[in-house]
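What you are looking at is a predicted structure, and each value in this text was computed from that prediction instead of being measured. As the structure lists them, so they are numbered: ligands from 1, and atoms in each ligand from 1.
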Amino acid sequence: MKNLVLTPGPVPVPRFVMLEMAKPIIHHRTEEFEEIFYTTTEGLKRIFQTKEEVLILASSGTGAMEAAVSNTLSKGDKALVINSGKFGERWLKICKAFGVEAIEISVEWGHAVDPIEVEKSLSENKDIKAILIQASETSTGVKHPIKEIAAMTRERDDVILIVDGISAVAVFPIEFDNWGIDILIGGSQKAFMLPPGLAFLVLSKKAWEFSKKSNLPKFYFDLEVALKNNLKKTSPWTPAITLVIGLNAVLNYFNDIGLDELYRKHSIMSEATREGFRSIGLEPFAFNNPSTALSAIMSPNNIDAGTIVKKLREQYGIIVAGGQDQAKGKIFRITHMGDVNKGDILVVIDAVENILEDIGFEFEKGLAVRTATEIFK
Ligand SMILES: Cc1ncc(COP(=O)(O)O)c(C=O)c1O
């Protein structure tokens, strides 16, 4: 059976990108590839909204999260971690692995952090060196107030703001330079519509200053080495050539449609999905500030969301993500990133309606699809 992958990473890859990546391999130490590499990093600057160099790592997103910490902090430094889900937890684990002392703001899953809490923690702990946060917490479908938090850190010379934007960059506006973010991270298998394998990150001048003082171990992810090579249109190690070529095609496409159109696509899909399900009584898990990267939808009280995920896969060939840890069995998650169109959204809503009807949930059949359709119109 043909599968329709609608998970918030990996996401469907458009055909024109797959065809680009299907061409015979070229060598990376050639003018041809260096031109592609250069065009790609220039294109990334537009997406990250920065004049700084954007680095491309051959790793999944976590590699760039690790690099952000290991290149800017030192053993025993304090970092403020905003933990509101699986990926906030990952910051805690990275800090632990590198001997960075984490001060945690634990946020109830499904909620965004209150910037007042962040300000309070910063003033109570004057020796905090970095704030580690997600722009979009993919495990809960919540967006954090990055602009407001950046306004706090840009005033302080001794604190940097490190933002995991893996499910945020190219999804909704994040202005790296204008807002004064210090590190912003993206990942290929999300809004960049590529297979997994590339991570991107950009550092502010302040973050590069921090990197000079950092004493944590690094080799493959030594960002100063990556920067030197970036300026020479290349990377220190063998790059993921095929993925970079695919990325170049994606960035050309983004350039053609414009960033606003890209953001608008995610936002319309997200509104249609949320309001569609809400019309039949299925609420979004995001209590406030939903991310437009994905919709995390709560299953009705007495229905295990895992059953919906399983039946979607087995009966319809539709792959969505379930909830993790404390959200397991409570939510199912649908991507708005990648090569996903309105038809895909209507198909998954219709399939969920059918499954709910089979299970015996009482609702007005067809209302969710009609509501989403109206929003699309
Ligand atoms: C917000 C966020 N951070 C980090 C990651 C981890 O990235 P990866 O699995 O590519 O290492 C993901 C992946 O789903 C994510 O969505």
Evaluate E137 for polar contact with ligand 1, using N/O atom pairs at a separation under 3.5 Å.
no
Please report whether ligand 1 has a polar contact with M65, defined as an N or O pair separated by less than 3.5 Å (distance criterion only).
no
Per-atom contacts of ligand 1 with [X], taking only distances under 4.0 Å to non-hydrogen atoms:
X    : result
S60  : 8 (P), 10 (O), 11 (O)
T62  : 6 (C), 7 (O), 8 (P), 11 (O)
S136 : 1 (C)

Tell me whether the centres of the aromatic rings in F219 and W237 are closer together than 6.0 Å.
yes
With ring centroids as reference points, do F332 and F277 lie under 6.0 angstrom apart?
yes
Should the proximity of D164 to ligand 1, defined as any heavy atom under 4.0 Å, be assigned to the side chain, the backbone, both, or neither?
side chain
Minimal non-hydrogen separation, S139 against G85, with atom names:
OG-CA, 3.5 Å
Of all the heavy atoms in K86, does at least one lie under 4.0 Å from an atom in ligand 1?
no
Indicate yes or no: does R370 engage E364 in a salt bridge with an N to O separation below 4.0 Å.
yes
[atom]: nearest protein contact (heavy atom, Å):
atom                    : answer
atom 6 (C) of ligand 1  : R90 NH1, 3.3 Å
atom 14 (O) of ligand 1 : K190 NZ, 2.6 Å
atom 12 (C) of ligand 1 : F87 CE2, 3.3 Å
atom 1 (C) of ligand 1  : T138 OG1, 3.1 Å

Consider side-chain hydrogen bond (donor to acceptor under 3.5 Å, both in side chains). Of K206, K213, K212, which one does E209 pass it with?
K212
Dump the intermediate steps for side-chain hydrogen bond (donor to acceptor under 3.5 Å, both in side chains) on N248 and T39, then the final yes or no.
CA-CA 7 Å; N248 192 31; T39 318; 4.9 Å; no
